[in-house]
Amino acid sequence: MKNKIEKFIAEVQSFEANSLEQLEAFRIKFLSKKGLVPLLFADFKQVAAEDRKAMGQLINSLKNAIQEKIVSLKQQLENQSDSEVSGMDLSLPANSAMGSRHPLSIVRNEIIDIFSRIGFNVSEGPEIEDDFHNFTALNFPPDHPARDMQDTFFIEKDPDIALRTHTSSVQVRVMENGEPPIRTISPGRVFRNEAISARAHCIFHQVEGLYIDTDVSFSDLKHTLFYFAKEMFGEETKTRFRPSYFPFTEPSAEMDISCNICGGKGCNICKYTGWVEILGCGMVDPNVLDTCNIDSKKYTGFAFGMGIERITMLKYQINDLRLFFENDLRFLKQFEAAE
Ligand code: DAH
């Protein structure tokens, strides 16, 4: 009998079950009314008195081994079926595919960073603007032909409310609500009723800059923008100013940088001139200061505005502006390392 019990104990210890049904069969084999353990207890009556204690202990340890086995296998099988039911493989490593910042956000952050190093803060304004902030306060009188420079989306046929066509509208709000010294840049989304092409979109992004204080001069403007161009495009970058026209600045200029693709030698990006335009700028027109409650006899200022798409295209040599809006992961993934 002793041998028999020890053989059962070994069998129990090595038992494995693949299903709850197999485990139940195991339980029945040993513990049911007519199972092996009750049979052993029946045989126990015939055991000699001096062997009874040891034999009793042995049967009990068999019974305990069976019960422990049932509990642990049951738990194991139930855990398995949980993960099968939910369709999850809990042994797979965690999904580590990280997203990355959009190239326009990377460049916007870099522009903010460059200007914040020389004391500019960041200000924002609404994307839905009234005529006063987008045009009139910036010296575009009603019916002024300069309004045609920016094809405008109006809201529900109300000629007073439009999607802002440039971030210069934020200049007006900052001047209305603050006092010089003002040193701020305003990044944001702007909207124009233009056909979508490799070079233009009806939604794009700009950064506006504004500096107002006593004695701000055109040389301050130039020096600030030289610094910006070198920080953004590299120390060797050359800059040049060309006279231009904007209603809200006088004098006005556009700034070119030496083409960072061919290094100024001439290529199709710079149309073989060696130069590419990156922004508009000028001294804030005294009319604009006065309209925004800033005393133009006491203060002067400069402003500039640039398109973030354009800066990004030049910086990363991207030749089609539509790529920024298509969410093609093959394009976006190329900027993973650029942050
Ligand atoms: N608002 C102009 C545009 O969207 C860009 C610009 C030009 C902004 C000259 C300025 C500036 O602040 O001084 O075309």
Side-chain angles (χ1 to χ4, degrees), residues 1-110 112-113 189 203 205 308 312 315-318 320 322-339:
M1 187 171 181
K2 188 174 170 230
N3 281 349
K4 204 166 151 192
I5 298 172
E6 279 167 352
K7 231 181 76 196
F8 285 156
I9 292 180
E11 182 185 335
V12 167
Q13 277 165 350
S14 62
F15 177 72
E16 290 296 332
N18 292 325
S19 66
L20 288 167
E21 290 75 32
Q22 277 179 15
L23 185 60
E24 179 60 5
F26 170 81
R27 189 193 66 79
I28 290 168
K29 176 177 170 186
F30 285 100
L31 298 182
S32 67
K33 258 192 191 151
K34 290 186 182 151
L36 293 169
V37 173
L39 273 179
L40 285 173
F41 277 115
D43 292 348
F44 186 68
K45 288 174 198 139
Q46 285 137 40
V47 174
E50 66 271 25
D51 295 335
R52 282 204 170 181
K53 193 174 172 204
M55 204 58 78
Q57 279 171 353
L58 202 57
I59 300 179
N60 273 330
S61 61
L62 170 64
K63 205 175 154 189
N64 288 340
I66 295 166
Q67 275 160 349
E68 277 166 24
K69 193 73 176 187
I70 291 175
V71 170
S72 82
L73 284 181
K74 195 164 178 214
Q75 204 173 17
Q76 197 179 312
L77 289 166
E78 277 171 358
N79 284 348
Q80 252 174 35
S81 68
D82 274 357
S83 55
E84 275 163 20
V85 167
S86 61
M88 279 194 293
D89 179 351
L90 298 176
S91 66
L92 272 180
N95 179 6
S96 59
M98 299 269 281
S100 56
R101 247 182 249 291
H102 193 281
L104 294 177
S105 304
I106 295 173
V107 170
R108 181 203 53 212
N109 291 349
E110 196 173 340
I112 292 175
D113 198 53
R189 216 158 38 149
I203 301 178
H205 299 78
I308 303 182
T312 311
K315 181 144 176 140
Y316 293 108
Q317 308 184 2
I318 297 162
D320 192 326
R322 290 169 289 199
L323 285 164
F324 293 126
F325 302 97
E326 285 166 355
N327 285 336
D328 185 333
L329 287 178
R330 291 169 302 178
F331 172 67
L332 297 176
K333 273 189 171 296
Q334 296 176 59
F335 299 91
E336 270 173 357
E339 307 177 43

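- The nearest pair of heavy atoms linking P38 to S32 is CG-O, 3.1 Å.
- For Q75, the CD atom counts as loosely surrounded, since its 6.0 Å shell holds 12 or fewer non-hydrogen atoms of other residues, nucleotides or ligands.
- Counting only residues at least two apart or on different chains, the salt bridge (Lys or Arg N to Asp or Glu O under 4.0 Å) pairs with a member in residues 97-110 are R101-E339, E110-K315.
- The CD1 atom of I9 sits 7.0 Å away from atom CD of Q13, with the distance rounded to the nearest 0.5 Å.
- Within the structure, every pair that satisfies the salt bridge (Lys or Arg N to Asp or Glu O under 4.0 Å) test and touches residues 12-30, not counting sequence neighbours, is listed here: E11-K29, E24-R27.
- Residues passing the ring-ring contact (aromatic ring centres under 6.0 Å, His included) test with F15, sequence neighbours excluded: F26.
- Taken from CG in L77 to CG in N18, the straight-line distance is 8.0 Å, to the nearest 0.5 Å.
- Note: I106 CD1 to I308 CD1 = 12.5 Å, rounded to the nearest 0.5 Å.
- Residues satisfying the side-chain hydrogen bond (donor to acceptor under 3.5 Å, both in side chains) criterion with R52, sequence neighbours excluded, are absent altogether.
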Could you give the side-chain donor-acceptor pairs of residues 325-332 under 3.5 Å, partners two or more places apart or in another chain?
| unit_1 | atom_1 | unit_2 | atom_2 | d |
| --- | --- | --- | --- | --- |
| D328 | OD1 | R330 | N | 2.9 |
| D328 | OD1 | R330 | NE | 3.2 |
| D328 | OD2 | R330 | NE | 3.4 |
| D328 | OD2 | R330 | NH2 | 2.7 |

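- If you take CG on L323 and OH on Y316, they are separated by 15.0 Å, rounding to the nearest 0.5 Å.
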Can you give me every donor-acceptor pair (side chain of residues 54-67, partner residue at least two apart or in another chain, under 3.5 Å) with its distance?
| unit_1 | atom_1 | unit_2 | atom_2 | d |
| --- | --- | --- | --- | --- |
| S61 | OG | Q57 | O | 3.4 |
| S61 | OG | L58 | O | 2.9 |

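- Considering CZ of F324 and OG1 of T312, their distance stands at 5.0 Å, rounded to 0.5 Å.
- Rounding to the nearest 0.5 Å gives a distance of 6.0 Å between CG of L40 and NZ of K4.
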